[in-house]
Number of protein chains: 2
Amino acid sequence: MEEILREFKRFIKKKGLKYTQEREEILKEILSIKDHFDVEELYFRFKEKNSKISKASIYRTLSLLVEGGYIQEVYRQDGHSHYEVTLHKTPHLHFICIHCREVQEITDERLNGLIKEYEEEREYKLLTYHLEIFGLCKACRRLKL
Amino acid sequence: MEEILREFKRFIKKKGLKYTQEREEILKEILSIKDHFDVEELYFRFKEKNSKISKASIYRTLSLLVEGGYIQEVYRQDGHSHYEVTLHKTPHLHFICIHCREVQEITDERLNGLIKEYEEEREYKLLTYHLEIFGLCKACRRLKL
DNA sequence: ATTAAAATTGAAAATCAATTTCAATTAGAG
DNA sequence: CTCTAATTGAAATTGATTTTCAATTTTAAT
Ligand SMILES: [Mn+2]
Ligand SMILES: [Mn+2]
Ligand SMILES: [Zn+2]
Ligand SMILES: [Zn+2]
């Protein structure tokens, strides 16, 4: 945690930006979230603790955090983006149930291997990937939906 | 083409909806597009041929076509959705260059195999998947960006 | 072919996530 | 501490998508 904040300060400074309380507060809050999150969720958490962080700052900081690789936009649901902390986390895919909207994570090294292979074959410089599988989860499937 | 239209009519009827000129016209136009497309592109094509199809109808028909499996939303760029015809097309992934925004398709049966495997393991009912890889294409990479 | 009910349409308004504007505030170099 | 440029929150704006609604069209039943 402390180390991540220090790293983030370095990242911000290197870009010639200012390391503000708001930016640190937002990153701290995000690091405390275990699940996926969206802007509303974050904003709600700040309101709860009487922090007056604005949505504008949340959006602005989220962009920086994505750019720095601290978080990733992982999927879109209900017309808006959902994020997750990606530090120390293996890339993984998301299975999204279109009925109950549950999101399950699946990590598979073979998939990462395939993607690395495409990268080399085509001489890409890979930054990130998103794999979303849509369908019905085991439970919803049983409801014969 | 004729067969697809007939099939679409059956689909529409089965849902208790009406097979309108607009719905047929939209599907016909989409079937004539080889690339990925978005709502603007479609709307522009109709304006060009003096067809007065509205955006509202385009959006409404696109939903039906996705539901019927005729097209898929394949990626999002510049804040809006991009689609492609998926009939008779193997699922495939998209490599998106974040610099020149070029989109390349990669089809790999091994990937489809992996996904089928997850489906069976977890007892999902798979409907569709989206795999997007973000990075720099060969050309943009050379510019040392 | 007529008729009538229900679905669909286009245009305009509404919604809503995300971005931008701008005056007031803050970070941080000197 | 002082000064300047960057940042902030609030409000306005943008832009994609959805909704509303009166007029039109489809289609099943006469
Ligand atoms: Mn995840
Ligand atoms: Mn494609
Ligand atoms: Zn489910
Ligand atoms: Zn490129």
Side-chain angles (χ1 to χ4, degrees), chain A residues 5-6 8-30 36-47 49-68 71-83, chain B residues 5-6 8-30 36-47 49-68 71-83:
Chain A
L5 294 179
R6 242 173 289 130
F8 180 50
K9 183 167 187 176
R10 247 177 277 137
F11 169 75
I12 288 293
K13 290 297 191 176
K14 184 155 43 188
K15 285 182 66 73
L17 304 176
K18 291 177 177 174
Y19 190 68
T20 64
Q21 294 192 285
E22 288 82 358
R23 285 175 177 158
E24 178 169 298
E25 196 177 340
I26 291 170
L27 177 51
K28 269 189 189 163
E29 191 61 43
I30 287 174
H36 300 143
F37 63 92
D38 57 22
V39 170
E40 274 319 311
E41 158 83 4
L42 256 184
Y43 186 61
F44 175 72
R45 280 169 175 250
F46 288 125
K47 263 196 307 197
K49 50 173 75 169
N50 298 315
S51 166
K52 58 173 180 32
I53 302 263
S54 68
K55 279 195 184 174
S57 288
I58 293 178
Y59 278 109
R60 290 187 279 232
T61 303
L62 249 31
S63 295
L64 286 172
L65 292 172
V66 167
E67 188 188 330
I71 63 175
Q72 262 185 36
E73 197 196 321
V74 278
Y75 60 89
R76 190 154 241 279
Q77 195 171 57
D78 306 315
H80 60 264
S81 296
H82 293 248
Y83 301 83
Chain B
L5 294 179
R6 240 173 290 129
F8 181 51
K9 183 167 186 174
R10 247 177 278 137
F11 168 75
I12 289 294
K13 290 296 190 179
K14 184 156 41 185
K15 285 182 66 72
L17 304 177
K18 293 176 175 173
Y19 191 68
T20 64
Q21 294 193 284
E22 288 82 358
R23 286 175 176 158
E24 177 169 300
E25 196 176 339
I26 291 170
L27 176 52
K28 269 188 189 162
E29 190 61 44
I30 286 175
H36 300 144
F37 63 92
D38 57 24
V39 169
E40 275 316 312
E41 159 83 4
L42 257 183
Y43 185 62
F44 174 72
R45 280 168 175 249
F46 289 125
K47 264 196 308 197
K49 49 174 74 166
N50 297 316
S51 167
K52 57 171 180 36
I53 302 262
S54 67
K55 279 195 185 175
S57 289
I58 294 178
Y59 277 109
R60 291 186 278 233
T61 303
L62 249 29
S63 295
L64 286 171
L65 293 172
V66 167
E67 187 189 330
I71 63 173
Q72 264 185 36
E73 196 196 322
V74 278
Y75 59 89
R76 185 155 246 277
Q77 194 170 57
D78 306 315
H80 60 265
S81 296
H82 293 247
Y83 301 83

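In the text below, chain A, chain B and the rest are named by the order of the sequence lines, each starting its count at 1.
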Query raised in the report: Where along residues 16-26 of chain B does a heavy atom come under 4.0 Å from DNA chain C, residue by residue in number order?
Result: B/Leu17, B/Lys18, B/Thr20, B/Glu22, B/Arg23

Query raised in the report: If every non-hydrogen atom of A/Phe8 is compared with every non-hydrogen atom of A/Leu65, which pair is closest and at what distance?
Result: CE1-CD2, 3.5 Å

Requested in this report: Give B/Lys15 one of three labels, base, sugar-phosphate or nothing, depending on what nucleic acid heavy atoms sit under 4.0 Å from its own.
Outcome: nothing

Query - Nucleotide C/dT9, atom C1' - distance to CZ of B/Phe46 in whole Å - result: 14 Å

Query raised in the report: To the nearest angstrom, how far is B/His80 atom NE2 from C/dA17 atom C1'?
Result: 16 Å

Report task. Between A/Ile12 and B/Arg76, name the one whose nearest nucleotide on DNA chain D is closer to the 5' end. Result -> A/Ile12

Report summary line: B/Glu41 CD to D/dA16 C1', in whole Å, measures 17 Å

Query - Between B/Glu22 and B/Ser57: side-chain donor-acceptor atoms closer than 3.5 Å - result: no

Requested in this report: Can you establish whether the number of heavy atoms outside A/Glu41 located under 6.0 Å from its atom CD is more than 12?
Outcome: yes

**Report entry** Residue of the set A/Arg45, A/Lys55, A/Lys47 for which salt bridge (Lys or Arg N to Asp or Glu O under 4.0 Å) holds with A/Glu40
**Finding:** A/Lys55

Query - Backbone of A/Lys18 reached by a side-chain donor or acceptor of A/Arg23 within 3.5 Å - result: yes

Query - Contacts of type side-chain hydrogen bond (donor to acceptor under 3.5 Å, both in side chains), residue A/Lys49, not counting sequence neighbours - result: A/Glu29

Query raised in the report: Can you say whether the rings of B/His36 and B/Tyr75 are parallel (under 30°), tilted (30 to 60°) or perpendicular (over 60°)?
Result: perpendicular

Query raised in the report: Between atom CG in A/Asp38 and atom P in C/dA17, what is the gap in whole Å?
Result: 9 Å

Query - For DNA chain D, the residues among residues 52-65 of chain A that have a non-hydrogen atom under 4.0 Å from it - result: A/Lys52, A/Ile53, A/Ser54, A/Ala56, A/Ser57, A/Arg60

Query raised in the report: Do A/Lys9 and A/Glu24 sit within salt-bridge range, that is, some charged N less than 4.0 Å from a carboxylate O?
Result: no

Report task. Please report, rounded to the nearest Å, how far the P atom of D/dA16 is from the CD atom of B/Gln77. Result -> 13 Å

